[in-house]
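So the structure is just underneath, and the comments pick up after that.
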Amino acid sequence: MTRLELIERLRKALKDGRFHHVLRVEATAIDLAKKNGVDIEKASIAGLIHDYAKQRPDSDFINEIKQKGLNPDLLNYGNAIWHGIVGAELIKDELNVWDEDILNAVRHHTTGAPVMTKLEQVIYMADYIEPNRDFDGVKKARVITAANLQAGVAYQTKHTLNYLIANGKPIYPKTIDTYNAWVPQYEGEID
């Protein structure tokens with residue numbers, strides 16, 4: 001489908017605030033893609049669709065996990081994890097996006113992964129630092145990411161894990177794997 005057709009699908013699937021968020025993530029992803037030698041069209045598509053399933057009812061995700069035979073451990077988590085990992089399956093079925101690099105960028109945009117392509121890194125960071133994000137540390141995340149995309153990934157991973165721990169939130173095991181793969185090698189650049 002064309003970009004305009006995709007935009008219309010997203011406008012129907014998302015509430016206004018979330019719709020504008022994905023447009024900002026797309027713009028941020030394109031900017032990061034240009035600076036990091038990443039395919040701009042893939043960055044645009046992944047930025048637009050990363051939250052396609054974010055506002056779906058839990059029952060959609062539970063059904064998809066069961067029907068597709070996804071890891072049953074996913075049932076122990078909620079939308080924060082599902083909309084990426086399970087959302088990628090809904091994107092394949094409903095938007096006919098089959099490019100695994102784009103789908104992996106969607107799958108990993110909240111949890112990260114021990115090994116991520118540059119496109120995955122771009123979407124992971126674009127979602128975190130898009131212009132309307134306003135949380136303690138976002139300005140530093142923007143500066144670090146502008147200087148070194150991989151260090152940005154490490155920064156986000158460390159700060160997200162710290163946030164989850166400080167707030168007594170469950171931690172998806174692959175987020176710990178992401179931390180172990182990224183944070184130690186960039187520790188000096190992110191503190």
Side-chain angles (χ1 to χ4, degrees), residues 1-4 6-7 9-10 14 17-54 80-81 83-85 87-88 91 95 97-163 172 174-175 177-179 181-191:
M1 71 180 81
T2 67
R3 182 179 183 280
L4 287 177
L6 179 57
I7 294 287
R9 293 285 298 271
L10 293 169
L14 302 170
R18 181 65 46 187
F19 174 72
H20 289 287
H21 163 72
V22 300
L23 295 177
R24 290 188 302 271
V25 171
E26 177 199 27
T28 305
I30 289 170
D31 183 53
L32 289 173
K34 288 176 182 174
K35 292 175 181 170
N36 291 281
V38 172
D39 184 293
I40 293 168
E41 185 177 11
K42 285 186 178 190
S44 169
I45 294 167
L48 285 171
I49 65 174
H50 80 282
D51 274 353
Y52 171 72
K54 178 81 172 169
I81 301 301
H83 82 276
I85 296 169
I91 287 166
L95 300 180
V97 174
W98 294 91
D99 183 298
E100 279 299 314
D101 201 18
I102 293 171
L103 293 170
N104 280 333
V106 172
R107 285 182 187 107
H108 300 143
H109 83 270
T110 58
T111 63
V115 176
M116 289 192 279
T117 65
K118 279 197 174 181
L119 176 63
E120 290 174 77
Q121 295 169 45
V122 161
I123 300 306
Y124 187 68
M125 293 314 302
D127 184 39
Y128 194 66
I129 64 171
E130 63 98 331
N132 267 28
R133 294 289 196 198
D134 184 24
F135 56 85
D136 190 35
V138 72
K139 289 178 183 172
K140 186 173 183 179
R142 290 179 182 127
V143 169
I144 290 169
T145 304
N148 181 330
L149 179 63
Q150 291 76 28
V153 169
Y155 180 86
Q156 178 186 166
T157 301
K158 181 176 182 178
H159 285 265
T160 299
L161 196 56
N162 285 340
Y163 170 83
Y172 187 64
K174 292 190 180 194
T175 302
D177 295 340
T178 303
Y179 178 95
W182 290 87
V183 174
Q185 65 178 316
Y186 292 100
E187 189 62 34
E189 296 179 53
I190 63 174
D191 282 334

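Because the structure is predicted, anything quoted here is derived from the model rather than measured.
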So, using salt bridge (Lys or Arg N to Asp or Glu O under 4.0 Å) as the criterion, who are the partners of [X] when residues are at least two apart?
X    : result
R18  : D51
D101 : none
R133 : D127

Distance check, rounded to the nearest 0.5 Å: [X] atom [atom1] versus [Y] atom [atom2]?
X    : Y    : atom1 : atom2 : answer
I81  : T175 : CD1   : OG1   : 5.0 Å
M125 : M116 : CE    : CE    : 9.0 Å
T110 : I85  : OG1   : CD1   : 6.0 Å
I123 : H50  : CD1   : NE2   : 8.0 Å
I45  : L103 : CD1   : CG    : 10.5 Å
H21  : K54  : NE2   : NZ    : 8.0 Å

Closest heavy-atom contact between [X] and [Y]?
X    : Y    : value
V122 : A29  : CG1-O, 3.4 Å
A33  : D39  : CB-O, 4.4 Å
A151 : I190 : O-CG2, 3.3 Å

With [X], which residues qualify under side-chain hydrogen bond (donor to acceptor under 3.5 Å, both in side chains), at least two apart?
X    : answer
T157 : Y124
E187 : K158
D31  : K35
N148 : E189

(request) Go through the steps to decide whether E120 and R107 satisfy the test side chain to side chain contact (heavy atoms under 4.5 Å, CB included), and finish with yes or no. (result) CA-CA 9 Å; E120 290 174 77; R107 285 182 187 107; over 6 Å; no
(request) May I ask you to check whether S44 and E41 show a side-chain donor-acceptor distance below 3.5 Å? (result)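 Absent: no donor and acceptor within the cut-off.
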(request) Spell out, as yes or no, whether a donor-acceptor pair under 3.5 Å connects the side chain of W182 to the backbone of A113. (result)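 Yes, W182 side chain to A113 backbone: donor-acceptor pair under 3.5 Å.
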(message) Applying ring pair (Phe, Tyr, Trp, His ring centres under 6.0 Å), can you list everything that pairs with H108, at least two apart in sequence or on another chain?
(response)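 For H108, no residue satisfies ring pair (Phe, Tyr, Trp, His ring centres under 6.0 Å) once neighbours in sequence are set aside.
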(message) Using the ring pair (Phe, Tyr, Trp, His ring centres under 6.0 Å) criterion, which residues pair with Y155? Sequence neighbours excluded.
(response)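 With sequence neighbours excluded, Y155 shows a ring pair (Phe, Tyr, Trp, His ring centres under 6.0 Å) to H159, given in chain and number order.
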(message) Can you classify the ring geometry of Y128 versus F135 as parallel (below 30°), tilted (30 to 60°) or perpendicular (above 60°)?
(response)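 Tilted.
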(request) Could you note down all residue pairs passing side-chain hydrogen bond (donor to acceptor under 3.5 Å, both in side chains) where residues 135-146 supplies at least one of them, sequence neighbours left out? (result)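 The answer is none; no pair qualifies.
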(request) List in chain and number order the residues that pass side-chain contact (heavy atoms from CB on, under 4.5 Å) with T28, two or more places apart in sequence or in another chain; answer none if no residue qualifies. (result)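 Result, side-chain contact (heavy atoms from CB on, under 4.5 Å) vs T28: L32, A126, I129, E130, P131.
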(message) Going by side-chain contact (heavy atoms from CB on, under 4.5 Å), name the residues that satisfy it together with L23, two or more places apart in sequence or in a different chain.
(response)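 Scan of L23 (side-chain contact (heavy atoms from CB on, under 4.5 Å), adjacent residues dropped) gives R3, I7, F19, H20, E26, L48.
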(request) Show the numbers, then the answer: is there a side chain to side chain contact (heavy atoms under 4.5 Å, CB included) between R9 and Y52? (result) CA-CA 9 Å; R9 293 285 298 271; Y52 171 72; 4.1 Å; yes
(message) Before you tell me yes or no, could you show the steps for V97 and I49 under side chain to side chain contact (heavy atoms under 4.5 Å, CB included), namely the whole-Å CA-CA distance, both residues' side-chain angles and the distance that decides it to 0.1 Å?
(response) CA-CA 10 Å; V97 174; I49 65 174; 4.3 Å; yes
